[in-house]
Amino acid sequence: MAGALENISHAAQRQAFSILIDQFLKKLGKTTDRQATYLKLVDEAEKFFADGFDKKNMDAVRKAIKDPDNRWIKFINKVVDETDPHVAKMTMLNLGYEAFFRGTKTIRANRKKYGCNIPWLILFDPTSACNMHCQGCWSGTYGAKHNLSFEDMDKIVTQGKELGVYLYMLTGGEPLVRKKDILKLARKHNDVEFSIFDNSTLIDDEFCKEVVSLGNITFQLSIEGTPDTNDARRGQGHYEAVMKAMNLLKKYGIIFGTSICYTRANIEAVTDEKFLRMIADKGARFGFFFHYMPVGNNAVPELMPTVEQRRKMIDKIRYIRSDKCDIGFFPMDFQNDGEAVGGCIAGGRNYFHINASGDAEPCVFIHFSNTNIHDNSILEMLQSPLFMAYHEGQPFNRNHLRPCPMLENPQLLRQMVAETGAHQTNEESEESVEHLCAKCDDYAREWGVVADKIWDSQIHHRPSYENYTSEKRLHPELAAFEHSTKGA
């Protein structure tokens, strides 16, 4: 009975928020003065979720809205203007109401209830198949060996929603190899937001029309700088395919961003302001930057950025987000923005990954597992030994410029895999944890020296909510490793 009443309350809240969004979008279409409309939306959201907001943060949002020169309010206006109205509404409803507001409250309550990590988003691979073979990527070598069935994907989303998860990211392989099932999934679960990491080659007019009709799918397109730097790793003709996909998504008013793997060879190209202005002009409004990870036996460790390149990357991304830069693009650096999210977000702390075989992995880059969607529920996955090791061990470093238990703290991944008996899940060819981590040892030591100098020179503010199990002493193995880097 309690569950039924809760569902009625949820449905009523969603409907009320839907009406509010309709009014919001209608007013935006009729007036050039949007300030009052934005403030009204903030006020109403605060009423809905009075106990789920930090008042200081809400006041900061109001202050930004009242500033006619605020860069990011101008940015939001631009996104609203260029987005299809139905896509805008569904994004605000699913990503705003369901994921950010209601979902966050539900997730935090369930973390206490179940004593484990509950993620804010789940990343899964519909297929291991990919129509490309990018240099240094494990996915392109798998072939069409493994697929999650529609029933598997439906189970992931259904059970995830029960825990409060309303954002699902799809990768692979190339997700759109399973285009029909993805559209079917987005149609059945039209109350969640789906975001697809995509290589652009399978996006066409008919697909875009269906995406607009659903309204709950966004994209991150893979691109790596100039035609030369991009196609050198991703294959001849890929850059042209990305340009075509961007044109289509912009034409139909579909929200999209970019997914950029930065390497030693392309890092200057993918952070060049001319490149960033170009993708912003094409309609990309956000972008994920991923440090190249030497995962798999076909990895190319020589592609890992140098320590000096990574140091410059930190400065570059922060500059692009500053008021000194006018590019209409919001970048996020998966490896260097650790302080914003409290360190490593994997293992279900904020996200985890399910591969095309159904194995639950702590991270898309960590190919080890104790559990599978075919045998376990989402909650049971999050309570499996390796995931609980993540839960107990996070943060893996006090310096959030060194967040990862593989890239920057490889001794900890070795230990967690050994203690939990996790098996490797690399579908290309078996890779032991020792083989993987050995490729990171020297890098971790070298970067540790630089990262500590940067961290110690900055002022850091502790957030009100961190999602750690408790105040923990630094792990003995990590303390020894940190000591070795200090003396390097």
Handout entry: Within-4.5 Å side-chain heavy-atom neighbours: Pro119 and Leu382
Key = yes

Fill in the blank from the handout: Correct closest heavy-atom pair for Ile196 and Ile217 would be CD1-CG2, 3.7 Å

Problem - Any Asp152 side-chain heavy atom under 4.5 Å of Ile354 side chain - result: no

Exercise for the section: Looking only at non-hydrogen atoms, find the nearest pair between Val341 and Arg349 and report the distance. Expected result: O-NH1, 2.8 Å

Exercise for the section: Mind checking the SG-CZ spacing from Cys344 to Phe396? Nearest 0.5 Å is all I need. Expected result: 5.0 Å

Practice task
Please work out which of the three classes, parallel, tilted or perpendicular, describes the rings of Phe289 and Tyr262, given edges at 30° and 60°.
Solution key: tilted

Handout entry: Asp359-Asn372 side chain donor-acceptor pair, cut-off 3.5 Å
Key = yes

Practice task
May I ask you to test the Met90-Leu95 pair for a side-chain heavy-atom distance under 4.5 Å?
Solution key: no

Exercise for the section: Could you tell me whether the side chains of Asp125 and Thr171 share a donor-acceptor contact shorter than 3.5 Å? Expected result: no

Exercise for the section: Show your reasoning for whether side chain to side chain donor-acceptor pair (under 3.5 Å) applies to Gln220 and Ser195. Expected result: CA-CA 7 Å; Gln220 287 83 243; Ser195 193; 2.5 Å; yes

Practice task
Under the salt bridge (charged side-chain N to carboxylate O under 4.0 Å, His left out) rule, what do Arg178 and Asp181 come out as? Steps first, then yes or no, please.
Solution key: CA-CA 6 Å; Arg178 298 284 303 285; Asp181 278 337; 2.8 Å; yes

Problem - Distance, nearest 0.5 Å, that separates CD1 of Ile203 from CZ of Phe256 - result: 9.0 Å

Practice task
Verify salt bridge (charged side-chain N to carboxylate O under 4.0 Å, His left out) between Glu408 and Arg310, making sure each step is shown before the conclusion.
Solution key: CA-CA 13 Å; Glu408 292 104 356; Arg310 181 166 175 185; 2.8 Å; yes

Problem - Side-chain donor-acceptor pair present, Gln394, Asn117, cut-off under 3.5 Å - result: yes

Exercise for the section: May I ask you to check whether Asp154 and His189 show a side-chain donor-acceptor distance below 3.5 Å? Expected result: yes

Practice task
Spell out, as yes or no, whether a donor-acceptor pair under 3.5 Å connects the side chain of Arg285 to the backbone of Ile255.
Solution key: no

Handout entry: Asn94 side-chain N/O to Thr91 backbone N/O, donor-acceptor pair under 3.5 Å
Key = no

Practice task
Anything under 30° is parallel, anything over 60° is perpendicular, the rest tilted; go ahead and classify Trp120 against Phe100.
Solution key: tilted

Practice task
Spell out, as yes or no, whether a donor-acceptor pair under 3.5 Å connects the side chain of Lys179 to the backbone of Leu202.
Solution key: yes

Practice task
To the nearest 0.5 Å, tell me how far Cys363 SG sits from Met406 CE.
Solution key: 7.5 Å

Handout entry: Salt-bridge contact Glu434-Arg414 (side-chain N to carboxylate O under 4.0 Å)
Key = yes

Problem - Glu380 side chain near Thr371 side chain, heavy-atom distance below 4.5 Å - result: no

Practice task
Please state whether the rings of Phe197 and Phe288 are parallel, tilted or perpendicular, taking 30° and 60° as the class boundaries.
Solution key: tilted

Practice task
Compute the centroid of each ring, for Tyr97 and then for Tyr166, and state whether the two points are separated by less than 6.0 Å.
Solution key: no

Problem - Salt-bridge present (Glu302, Lys439; N to O < 4.0 Å) - result: no

Practice task
For Leu249 and Cys208, work out which heavy atoms get closest and say how close.
Solution key: CD2-SG, 4.1 Å

Exercise for the section: For the pair Glu174 (side chain) and Asn199 (backbone), establish whether a donor and an acceptor sit closer than 3.5 Å, ignoring hydrogens and angles. Expected result: yes

Completion exercise
The reported gap from CZ in Phe387 to CE in Met416 (rounded to nearest 0.5 angstrom) is 11.0 Å

Handout entry: Exam field: side chain Tyr292 to backbone Val300, donor-acceptor pair closer than 3.5 Å
Key = yes

Handout entry: ring-ring contact (aromatic ring centres under 6.0 Å, His included) assessment of Tyr390 paired with Phe352
Key = CA-CA 11 Å; Tyr390 265 72; Phe352 75 100; over 10 Å; no

Problem - Over all atoms of both residues, closest heavy-atom pair of Pro395 and Gly342 - result: CB-O, 4.3 Å

Problem - Side chain proximity check, Val192 to Leu167, heavy atoms < 4.5 angstrom - result: no

Exercise for the section: State whether Glu151 and Lys155 are salt-bridged, where the test is any N-O pair (Lys NZ or Arg NE/NH1/NH2 against Asp/Glu carboxylate O) under 4.0 Å. Expected result: no

Exercise for the section: Measure across Met313 and Thr271 and return the closest heavy-atom pair with its distance rounded to 0.1 Å. Expected result: SD-CG2, 3.5 Å

Completion exercise
Between Asp452 and the options Arg445, Arg398, Arg402, the salt bridge (Lys or Arg N to Asp or Glu O under 4.0 Å) test singles out Arg402

Exercise for the section: For the pair Arg321 (side chain) and Pro331 (backbone), establish whether a donor and an acceptor sit closer than 3.5 Å, ignoring hydrogens and angles. Expected result: yes

Handout entry: N/O donor-acceptor pair under 3.5 Å between Arg102 side chain and Gly164 backbone
Key = no

Handout entry: Side-chain touch Phe219/Ser200, heavy atoms, less than 4.5 angstrom
Key = no

Exercise for the section: Examine Phe75 together with Phe330 and report whether their ring centres are nearer than 6.0 Å. Expected result: no

Practice task
Take the angle between the ring planes of Tyr351 and Phe334 and call it parallel below 30°, perpendicular above 60°, tilted in between.
Solution key: perpendicular

Handout entry: Ionic contact status for Lys316 with Asp333, cut-off 4.0 Å
Key = no

Practice task
Could you tell me whether His391 and Tyr114 have their ring centroids closer than 6.0 angstrom?
Solution key: no

Exercise for the section: For Leu386 and Ala422, work out which heavy atoms get closest and say how close. Expected result: CD2-CB, 3.9 Å

Fill in the blank from the handout: Rounded to the nearest 0.5 Å, the NZ atom of Lys105 sits from the CG atom of Asn110 at a distance of 13.0 Å

Handout entry: Check: Asp272 side chain, Glu268 main-chain N or O, donor-acceptor pair, under 3.5 Å
Key = no

Practice task
Indicate whether the side chain of Glu339 and that of Gln458 have a donor and an acceptor atom separated by less than 3.5 Å.
Solution key: no

Practice task
Can you label the angle between the His400 ring and the Tyr468 ring as parallel, tilted or perpendicular, going by 30° and 60°?
Solution key: tilted

Exercise for the section: Could you tell me whether the side chain of Glu392 and the main chain of Met388 form a donor-acceptor pair under 3.5 Å? Expected result: no

Handout entry: Ion pair Glu210/Arg187, N-O distance below 4.0 Å
Key = yes

Problem - Euclidean distance, Met153 CE relative to Lys184 NZ, rounded to 0.5 Å - result: 9.0 Å

Problem - Donor-acceptor contact below 3.5 Å, side chain Asp198 vs main chain Leu170 - result: no

Handout entry: pair Thr218-Phe194: side-chain heavy atoms closer than 4.5 Å
Key = no

Exercise for the section: Taking atom types as modelled, find out whether Asn216 and Glu193 have a side-chain donor-acceptor pair closer than 3.5 angstrom. Expected result: no

Practice task
With the side chain counted from C-beta on, respond yes when Leu379 and Gln159 share a heavy-atom pair under 4.5 Å apart, and no when they do not.
Solution key: no

Exercise for the section: Could you verify whether a donor N or O on one side chain and an acceptor N or O on the other, from Ser432 and Gln424, lie under 3.5 Å apart? Expected result: no

Exercise for the section: Say whether Thr425 and Glu361, considering side chains only, have a donor N or O and an acceptor N or O under 3.5 Å apart. Expected result: yes

Practice task
Kindly indicate whether a cation-pi arrangement holds for Lys324 with Tyr319, taking the cut-offs as under 6.0 Å to the six-membered ring centre and within 45° of the axis.
Solution key: no

Problem - Whether over 12 other heavy atoms sit under 6.0 Å from Lys282 NZ - result: yes

